[in-house]
Protein chains: 2
Amino acid sequence: MTKKTSGNAPQENDTEETLVTIPAMREIIGYRLRRAQLFVFHDFLQTFAKMKLRPAEFSVLTLIAQTPGQKQTEIAGQLGIKRANFVALMDGLERRGLAERRKAETDKRSHSLHLTAEGVKFTQKMAKVWSAHEDRMIERLGGVAERDTLLKLLDKLATDPES
Amino acid sequence: MTKKTSGNAPQENDTEETLVTIPAMREIIGYRLRRAQLFVFHDFLQTFAKMKLRPAEFSVLTLIAQTPGQKQTEIAGQLGIKRANFVALMDGLERRGLAERRKAETDKRSHSLHLTAEGVKFTQKMAKVWSAHEDRMIERLGGVAERDTLLKLLDKLATDPES
DNA sequence: TATTGTTATACTCTATAACTATA
DNA sequence: TATAGTTATAGAGTATAACAATA
């Protein structure tokens, strides 16, 4: 049994015109999420300016490091990136010598993705630098407990209950 | 006194190489914020597809409705939109007959922004439609209490403590 | 000199269609 | 026929520089 959530339902009154309340920006979930996300990404971009690393590249390196050998469609799918747009992203990582495509033996259409030796070093450095950024965000939230609360709420918001 | 927040600090060990933990995507604040924001915006876009209204236009109409007469730089500034990019956005609202620029008497460089009569009706309809979208998001979060918790955390994350 | 609105421009991100080579 | 990767392309969103009118 879910709690009643009519916090924004317009109030009916007895005149002909319905009274409509224009929402305040600071109580709009989508808007506030967007501003917070931009703030965090801004800090991320500054943190990784020297390493010339964008959020999407960070994510791809992280997924390859955790599960090497996956194909492009799989990595792209997990991140919500269209496979057509993944190509240039992967080209960049390959050009920089951080990751590589290997011909898959079983299915010659697909590429299996791996980090290079340099990519492994880069990714470890990346994880350390990220840690400083993340700690800064946790500090702003007030601690790891608040971080966990936030992640739980974001989960409820954006995760399919049937999964 | 703020709580210690070393939740992601790398563990030192006694070998030469420092052990580095690659983070899991689901514990990365920025990534999770981004995915949640995309989810909410996707629902927003579907909700307003028939009215042909984008989030930025929604925000501008909302601010003009709440405080008519502000100039372009002021509205743009509150939303984090560059004044150069605000021009086309405002052109669109004016072309649709929803809002208008009026020559300001006091400072002839600036325009004061107002809703048209049609814009007022549109904005009231907009507020009602938005309410359904917002209630859907609140429902997912589990109720208004959880929504308030989320907004408070987003505030801590993205708001300057000195203000 | 500084500010408001504007134009032009470029860069990133995202979305779709169509091709190729394999399955 | 369907799938993996690719190319081309178009549309948003965003950032900067420079200009005219006005302060």
Side-chain angles (χ1 to χ4, degrees), chain A residues 30-31 33-35 37-42 44-46 48-49 52-60 63-64 69-95 99-114, chain B residues 30-31 33-35 37-46 48-49 52-60 64 69-95 99-114:
Chain A
Y31 176 71
L33 272 175
R34 175 77 177 142
R35 297 302 296 256
Q37 181 255 307
L38 286 175
F39 178 91
V40 175
F41 269 42
H42 185 253
F44 181 98
L45 288 171
Q46 283 194 312
F48 283 103
K52 291 220 174 293
L53 194 70
R54 321 219 91 240
E57 295 168 328
F58 174 95
S59 305
V60 171
L63 289 188
I64 298 178
Q70 289 188 101
K71 55 189 179 182
Q72 296 190 183
T73 309
E74 290 170 336
I75 301 278
Q78 289 169 64
L79 297 175
I81 300 173
K82 294 270 179 299
R83 71 189 197 283
N85 296 325
F86 188 84
V87 176
L89 213 173
M90 189 62 202
D91 286 348
L93 296 176
E94 208 163 27
R95 217 178 311 115
E100 60 185 11
R101 295 159 159 112
R102 292 184 197 158
K103 290 284 173 205
E105 290 295 318
T106 50
D107 183 342
K108 287 195 211 157
R109 291 172 302 181
S110 64
H111 296 152
S112 84
L113 304 185
H114 299 266
Chain B
Y31 176 72
L33 272 175
R34 174 77 176 143
R35 297 303 295 256
Q37 181 254 307
L38 286 174
F39 178 91
V40 174
F41 269 42
H42 185 253
D43 186 284
F44 181 98
L45 288 171
Q46 283 194 312
F48 283 104
K52 291 218 174 296
L53 194 70
R54 323 218 92 239
E57 296 167 327
F58 173 95
S59 306
V60 171
I64 297 179
Q70 288 187 101
K71 55 189 179 184
Q72 294 190 184
T73 310
E74 289 170 338
I75 301 278
Q78 288 169 66
L79 297 174
I81 300 172
K82 293 274 181 297
R83 72 188 197 282
N85 296 327
F86 189 84
V87 176
L89 213 173
M90 190 61 204
D91 285 349
L93 295 177
E94 208 162 29
R95 216 178 312 115
E100 59 185 11
R101 296 160 159 112
R102 293 185 196 158
K103 290 284 172 206
E105 290 295 317
T106 50
D107 183 342
K108 287 195 211 157
R109 291 173 303 181
S110 65
H111 296 152
S112 85
L113 304 184
H114 299 266

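All of these numbers come straight from a predicted model, not from anything done at the bench. Just so it is clear: chains get the letters A, B, ... in the order the sequence lines come, proteins before strands, and each one is counted from 1.
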Between [atom1] on residue [X] and [atom2] on residue [Y], distance to nearest 0.5 Å:
X: A:Leu89; Y: A:Gln72; atom1: CG; atom2: CD; value: 10.0 Å
X: A:Glu100; Y: A:Glu94; atom1: CD; atom2: CD; value: 7.0 Å
X: B:Ser59; Y: A:Arg34; atom1: OG; atom2: CZ; value: 10.5 Å
X: A:His111; Y: A:Thr73; atom1: NE2; atom2: OG1; value: 10.5 Å
X: A:Glu74; Y: A:Leu113; atom1: CD; atom2: CG; value: 9.0 Å

Note: A:Glu105-A:Lys103 ion pair, threshold 4.0 Å (strictly below): no
What integer distance in Å separates [X]:[atom1] from [N]:[atom2]?
X: B:Gln37; N: C:dT14; atom1: CD; atom2: C1'; value: 13 Å
X: A:Lys71; N: C:dT22; atom1: NZ; atom2: C1'; value: 12 Å
X: B:Ile75; N: C:dG5; atom1: CD1; atom2: C1'; value: 15 Å
X: B:Ile81; N: C:dT6; atom1: CD1; atom2: P; value: 14 Å
X: A:Gln46; N: D:dA15; atom1: CD; atom2: P; value: 13 Å
X: A:Phe44; N: C:dT12; atom1: CZ; atom2: P; value: 16 Å
X: A:Leu45; N: C:dT12; atom1: CG; atom2: C1'; value: 11 Å
X: A:Glu105; N: C:dT22; atom1: CD; atom2: P; value: 13 Å

Distance-only, no hydrogens or angles: does the B:Glu57 side chain make a donor-acceptor pair with backbone N or O of B:Arg54 under 3.5 Å? yes
Between C:dT14 and A:Lys82, is there an OP1 or OP2 to side-chain N/O distance shorter than 4.0 Å? no
Short side-chain N/O contact to D:dT3 OP1/OP2 from A:Thr73, under 4.0 Å: no
Starting the side chain at C-beta, find the nucleotide from D:dG5, C:dT14, D:dA12 nearest to B:Arg54. D:dA12
Which residues, if any, of residues 85-93 of chain A bring a heavy atom under 4.0 Å of DNA chain D? A:Val87
For DNA chain D, which residues in residues 106-114 of chain B have a heavy atom at a distance below 4.0 Å? B:Thr106, B:Asp107, B:Lys108, B:Arg109
Minimum heavy-atom separation for A:Val87 to A:Arg101, with atom names? O-NH2, 3.4 Å
Could you tell me which non-hydrogen atom of B:Met90 sits nearest to which non-hydrogen atom of B:Ala99, and how far apart they are? CE-CB, 3.7 Å
Min side-chain heavy-atom separation A:Leu38-A:His42 under 4.5 Å: no
Considering only heavy atoms from C-beta outward, does the side chain of B:Lys71 approach that of B:Ser112 to under 4.5 Å? no
Give each protein N/O atom lying under 3.5 Å from an N/O atom of nucleotides 17-20 of chain C, with the pair distance.
none

Would you say the ring centers of A:Phe58 and B:Tyr31 fall short of 6.0 Å from each other? no
Which residue lies more 5' along DNA chain D, comparing A:Arg101 with B:Gly80 via nearest heavy atoms: A:Arg101
